[in-house]
A.B. asks: 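A single structure is presented below for examination.
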Amino acid sequence: MKAIVIYKWARATASARVRESGEVDWGAAKMTAGDDDPAALDVAKAIAGADGDVVGLTIGDGEAAWALARGVATAFTAPQVGPLADESATAGALAQAVRQLGEVDAVVIGDDPAHPGVAPALAAHLGWPVVLAVGSAALSGDGRVVITRKAGAEVETISLVTPVVLGAVAAGEEARPPGMMETIKARKKPIGELSVAAPAEAVTSTQTRRPARSGAKLLGGEPAEAAAALVTELRGDGLL
Amino acid sequence: MSIWVLATAADQLSPLLAAAREATEPTGQAVEAVVVGTAELATAASGMGVGRVHWIETAPDIPAEAYVGAVADLARRAGADVWLSGAAPAPRALLGAAAAACGAGLVGGGVALRLDGPTVTVERNALDGAVVETLTGPAPLAVVWDLTEAQPVDAAATAPVETVAAEPSKSGLRRDSVEPAATAAGLLTAERVIGIGRGVKARADLALIEDLAADLGAEMACSMPVADDLHWLGPERYIGRSGQRIAPGLYLALGISGEPQHMEGVRGAKVVVAVNKDPAAVIFRSATYGIVGDLYEFVPALREALRQD
Ligand SMILES: Cc1cc2nc3c(=O)[nH]c(=O)nc-3n(C[C@@H](O)[C@H](O)[C@H](O)COP(=O)(O)OP(=O)(O)OC[C@H]3O[C@@H](n4cnc5c(N)ncnc54)[C@H](O)[C@@H]3O)c2cc1C
Ligand SMILES: Cc1cc2nc3c(=O)[nH]c(=O)nc-3n(C[C@H](O)[C@H](O)[C@H](O)COP(=O)(O)OP(=O)(O)OC[C@H]3O[C@@H](n4cnc5c(N)ncnc54)[C@H](O)[C@@H]3O)c2cc1C
């Protein structure tokens, strides 16, 4: 089987500083892959199987090394596609890129809660079915993709035939990130470039502001004072 | 202008409809619901003050996601200006289909919506809640809404329910089995919960916190590493995106840094109290009350204050 893993290459959200004015100051934010992208790669590998093929795909100035250092043979980017606020536009560009990569059985993408629309819109642009919040997947004997996912207080097993778009979620940190040597070696290999026109966006970001309630009410003083103040507050809130 | 909301379960309906109603109130535009699920769900939607319900009936063992084609057809015909859904996997899959079908822009994290003539303005939580971002564009626009809590719904006249004939997708998508995920009895419904993080230094120190939990009548919970790496509490007791989501009145976080993956699990809590010795801990950004200090000093002080209260 052939699977594509799509990874997001963007500034780490944790490095954003919000000014008093509400403007976002990124400083020298480092670029990283999404938290869910390692899980997406695991799912792509599981579907492709031992002698299958996994291809990496990103957009903008995404680097190949992230995928190549993790055992992916080739990686591509669509350099004209920048960060977009419109997730259907991002997905439309990704769909064009996927179509340039030949016959594919599965496209797996990190189901990032910060970009909840990309995976489902990608499936819609490709005209393929989609399963989101995928924890793990495997290929069954009869060629169906069997998916396990947590849904509220339940664990579901879902299956379907290919082609399919899967949005994968990670349960935690990446278990075995590649070492320095693998990363250095991976950086020497080039990324393939796909020609996808920068899509038109249907929305524009006009401003950012701090949320109305931002920051805890701090209860200071010695532990005994802070504790007494907390008890008073919680009483006032009707919680004791 | 009209707003169409997409839902696959009853708990998604009231927050979406409250948002739609607030946005349409100034001018009284139409709100319609597309429900993909059981007859009960369609009936519930029809009593919630919408103009019309479009019902796509799901077959047992067929997930709602199998009906993306029918929703896309509906979206092509509907001429809706705004599409809203929650972030759960099924409605989000349907929203993606609706957006692509009608050429709508698509954004996530929506918390406020305004319709000005042909222009739609959305406010959304961005950067893990550090900012509220304003986005604007021409209709149609699709928004994954940030459903925090159910909203009370006023009794309303019953809306007509139109059945939409629909075939599930040819992909053979089906639900093979459903099993209950491990959950701790009492934790999901507890009014008070104490969560412990890696700020607790030794397993033996749990006794101190369990005593506080007994005083408060609270359930014990923890961050992921306390369950997964340290195994001090069972995996069914860690809170967060990958763990349990709870909505107690009080969540008391002791020695937890407050990473977004953890905090996602307590978004429904009324009050979050954070005790952390690092004044720069991110948990102080979203907690209701903060105590900058050592939990080993604060916990005994709190027990004493509760005794005197
Ligand atoms: C599959 C996939 C692949 C991606 N690959 C790349 C990639 O290769 N390179 C890349 O930069 N992004 C990439 N992105 C992310 C991009 O589309 C994001 O929307 C963007 O990086 C912002 O994400 P955020 O979560 O950091 O901030 P958001 O909450 O989305 O944005 C906050 C605000 O900052 C603005 N903003 C964010 N990043 C930038 C930027 N780099 N330049 C100018 N304004 C910005 C946003 O428009 C917005 O106004 C990818 C996303 C996906 C889903
Ligand atoms: C994809 C993904 C999913 C994840 N899902 C989850 C999830 O569902 N749930 C979850 O919890 N995490 C999850 N995580 C991990 C999460 O990002 C954090 O790493 C984790 O929550 C941190 O746990 P912690 O707060 O206990 O530990 P730390 O981050 O180490 O924080 C310990 C805190 O204790 C404070 N402290 C130390 N000593 C004291 C003292 N004596 N008194 C008071 N304070 C003290 C420190 O200042 C520090 O802030 C996930 C991560 C990823 C990448």
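A, B, ... follow the sequence lines: proteins, then strands. Residue 1 opens every chain.
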A.B. asks: Looking at every heavy atom in both A/Ala171 and B/Met224, which two are closest together, and how far apart are they?
C.D. replies: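 Where A/Ala171 meets B/Met224 most closely, the heavy atoms are O-SD, 3.2 Å.
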
A.B. asks: Between the side chain of B/Arg92 and the main-chain N/O of A/Pro116, is any donor-acceptor distance below 3.5 Å?
C.D. replies: yes

A.B. asks: Contact part of B/Thr288 toward chain A, heavy-atom cut-off under 4.5 Å: side chain, backbone, both or neither?
C.D. replies: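 Both parts, backbone and side chain.
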
A.B. asks: Kindly say whether A/Asp237 contributes a backbone atom to a donor-acceptor pair with the side chain of B/Lys270 at under 3.5 angstrom?
C.D. replies: no

A.B. asks: Under 6.0 Å from the CZ atom of B/Arg76, do we count more than 12 heavy atoms belonging to anything else shown?
C.D. replies: yes

A.B. asks: Select one option (side chain, backbone, both, neither) describing which atoms of B/Ala88 are under 4.5 Å from chain A's heavy atoms.
C.D. replies: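 Looking at B/Ala88, nothing touches chain A.
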
A.B. asks: Please flag which part of B/Val273 lies under 4.5 Å from any non-hydrogen atom of chain A: side chain, backbone, both or neither.
C.D. replies: side chain

A.B. asks: Testing the basics here: between B/Val131 and A/Gly22, what is the closest heavy-atom pair and its distance to 0.1 Å?
C.D. replies: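 The pair with the smallest heavy-atom distance is CG1-O, 4.0 Å.
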
A.B. asks: Between A/Ala224, A/Ala153, A/Gly117, A/Ala133, who has the most heavy-atom pairs with chain B when the cutoff is under 4.5 Å?
C.D. replies: A/Ala153

A.B. asks: Check each atom of A/Arg19 against the heavy atoms of chain B and say whether the ones under 4.5 Å are side chain, backbone, both or neither.
C.D. replies: neither

A.B. asks: Go through B/Arg174 and A/Ser159 one step at a time and tell me if the side chain to side chain contact (heavy atoms under 4.5 Å, CB included) criterion holds.
C.D. replies: CA-CA 6 Å; B/Arg174 64 166 189 246; A/Ser159 64; 3.7 Å; yes

A.B. asks: Chain B heavy atoms under 4.5 Å from A/Ala212: which part of the residue, side chain, backbone, both or neither?
C.D. replies: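 Answer is neither: A/Ala212 stays 4.5 Å or more from chain B.
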
A.B. asks: Could you pull out the closest heavy-atom pair between B/Gln261 and A/Asp35, with the gap in Å?
C.D. replies: NE2-OD2, 2.8 Å

A.B. asks: Looking at every non-hydrogen atom in both residues, tell me the closest pair between A/Pro113 and B/Arg241 and how far apart they are.
C.D. replies: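 Result for this residue pair: CD-NH2, 3.4 Å.
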
A.B. asks: Under a 4.5 Å heavy-atom cut-off, does chain B meet the side chain of A/Val231, its backbone, both or neither?
C.D. replies: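 It is the side chain, since no backbone atom gets that close.
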
A.B. asks: Tell me which one of A/Val203, A/Thr90, A/Asp86 satisfies side-chain contact (heavy atoms from CB on, under 4.5 Å) with B/Leu106.
C.D. replies: A/Asp86

A.B. asks: With a 4.5 angstrom heavy-atom cut-off, could you sort out which part of A/Ile147 is near chain B: side chain, backbone, both or neither?
C.D. replies: neither

A.B. asks: Could you go through the side chain to side chain contact (heavy atoms under 4.5 Å, CB included) check for B/Val132 and A/Thr208 one step at a time?
C.D. replies: CA-CA 6 Å; B/Val132 177; A/Thr208 53; over 6 Å; no

A.B. asks: Could you walk me through whether B/Asp176 and A/Ile158 satisfy the side chain to side chain contact (heavy atoms under 4.5 Å, CB included) test, starting with their C-alpha distance in whole Å, then the side-chain angles of each, then the deciding distance to 0.1 Å, before giving a yes or no?
C.D. replies: CA-CA 5 Å; B/Asp176 297 319; A/Ile158 292 175; 5.9 Å; no

A.B. asks: Given 3.5 Å as the limit, does a donor-acceptor pair link the side chain of A/Arg144 with the main chain of B/Gly172, or not?
C.D. replies: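 Yes; at least one donor-acceptor contact below 3.5 Å.
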
A.B. asks: What is the distance from atom OG1 of B/Thr136 to atom CD of A/Gln207, rounded to the nearest 0.5 Å?
C.D. replies: 11.5 Å

A.B. asks: Does a side-chain N-to-carboxylate-O contact under 4.0 Å join B/Glu133 and A/Arg209?
C.D. replies: no

A.B. asks: Under a 4.0 Å N-O cut-off, is there an ion pair linking A/Arg235 with B/Asp309?
C.D. replies: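 The answer is yes: the pair qualifies as a salt bridge.
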
A.B. asks: Check each atom of A/Pro211 against the heavy atoms of chain B and say whether the ones under 4.5 Å are side chain, backbone, both or neither.
C.D. replies: both

A.B. asks: Pick whichever of A/Gly127, A/Gly92, A/Ala226, A/Ala89 has the most heavy-atom pairs under 4.5 Å with chain B.
C.D. replies: A/Ala226

A.B. asks: If you count heavy-atom pairs within less than 4.5 Å of chain A, which of B/Thr183, B/Val292, B/Val68, B/Val271 leads?
C.D. replies: B/Val271

A.B. asks: Between B/Glu259 and chain A, which part of the residue has a heavy atom less than 4.5 Å away: side chain, backbone, both or neither?
C.D. replies: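 No part of it gets close to chain A.
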
A.B. asks: What's the separation between atom CG in A/Leu218 and atom OH in B/Tyr289, rounded to the nearest 0.5 Å?
C.D. replies: 12.5 Å

A.B. asks: For A/Ala216 and B/Gly290, which heavy atoms make the closest approach, and how far apart are they?
C.D. replies: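 Closest approach of A/Ala216 to B/Gly290, heavy atoms only: CB-N, 3.7 Å.
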
A.B. asks: Which bit of A/Val130 comes within less than 4.5 Å of chain B, counting heavy atoms only: side chain, backbone, both or neither?
C.D. replies: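 The answer is both parts of A/Val130.
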
A.B. asks: What option among B/Ser177, B/Gly96, B/Gly137 has the most heavy-atom pairs under 4.5 Å with chain A?
C.D. replies: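 Sorted descending by pairs with chain A, the first entry is B/Ser177.
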
A.B. asks: Does any heavy atom of chain A fall under 4.5 Å from the side chain of B/Ile291, the backbone, both, or neither of them?
C.D. replies: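 Looking at B/Ile291, backbone and side chain both touch chain A.
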
A.B. asks: Would you mind checking if B/Glu65 and A/Arg149 are paired as a salt bridge, meaning a charged N to carboxylate O distance below 4.0 Å?
C.D. replies: yes

A.B. asks: Non-hydrogen atoms of chain A under 4.5 Å away: do they reach the side chain of B/Arg192, the backbone, both or neither?
C.D. replies: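 Just its side chain gets close to chain A.
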
A.B. asks: Output, in order, the C-alpha distance, side-chain angles, deciding distance and verdict of side chain to side chain contact (heavy atoms under 4.5 Å, CB included) for A/Thr206 and B/Leu135.
C.D. replies: CA-CA 6 Å; A/Thr206 55; B/Leu135 297 161; over 6 Å; no

A.B. asks: B/Leu173 versus A/Val161: any side-chain heavy-atom pair under 4.5 Å?
C.D. replies: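 Side-chain contact under 4.5 Å: no.
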
A.B. asks: Pick one of side chain, backbone, both or neither for A/Leu239, based on which atoms fall under 4.5 Å of a heavy atom in chain B.
C.D. replies: both

A.B. asks: Of the non-hydrogen atoms in B/Ala100 and A/Ala124, which two are nearest, and what is the gap between them?
C.D. replies: CB-CB, 3.5 Å

A.B. asks: Between B/Ala181, B/Ala305, B/Ala301, which has the largest tally of heavy atom pairs under 4.5 Å with chain A?
C.D. replies: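 It is B/Ala181.
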
A.B. asks: Determine the option with the most heavy-atom pairs under 4.5 angstrom with chain B, choosing from A/Val146, A/Thr157, A/Val169, A/Leu240.
C.D. replies: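 Of the candidates given, the most pairs with chain B belong to A/Thr157.
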
A.B. asks: Checking B/Leu216 against chain A: side chain, backbone, both or neither under 4.5 Å from a heavy atom?
C.D. replies: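 Only the side chain of B/Leu216 comes within 4.5 Å of chain A.
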
A.B. asks: Under the side chain to side chain donor-acceptor pair (under 3.5 Å) rule, what do B/Asp128 and A/Thr13 come out as? Steps first, then yes or no, please.
C.D. replies: CA-CA 8 Å; B/Asp128 295 323; A/Thr13 307; 4.6 Å; no

A.B. asks: Would you mind checking which part of A/Val131 comes under 4.5 Å of any heavy atom in chain B, side chain (CB onward), backbone (N, CA, C, O), both or neither?
C.D. replies: side chain

A.B. asks: Roughly how far, to the nearest 0.5 Å, is the CG atom of B/Leu250 from the CG atom of A/Leu230?
C.D. replies: 7.5 Å

A.B. asks: So how far is it from B/Asp229 CG to A/Glu173 CD, rounded to the nearest 0.5 Å?
C.D. replies: 9.5 Å

A.B. asks: Do you know which of B/Glu191, B/Glu297, B/Glu179 has the most heavy-atom pairs under 4.5 Å to chain A?
C.D. replies: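 Among the listed options, the one with the most contacts to chain A is B/Glu179.
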
A.B. asks: Which one wins on heavy-atom pair count under 4.5 Å against chain A: B/Ala97, B/Pro279, B/Ala93, B/Ser85?
C.D. replies: B/Ala93

A.B. asks: Counting only heavy atoms from other residues, nucleotides and ligands, does the tally under 6.0 Å from CZ of B/Arg307 exceed 12?
C.D. replies: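 Counting other residues, nucleotides and ligands, CZ of B/Arg307 exceeds 12 neighbours.
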
A.B. asks: Looking at chain A, which one of B/Gly108, B/Ser169, B/Gly293, B/Ala130 has the largest number of heavy-atom pairs inside 4.5 Å, strictly under?
C.D. replies: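 Counting heavy-atom pairs under 4.5 Å, the top option is B/Ala130.
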
A.B. asks: Is it the backbone or the side chain of A/Ala16 that comes under 4.5 Å from a heavy atom of chain B, or both, or neither?
C.D. replies: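 Contact with chain B involves the side chain of A/Ala16 alone.
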
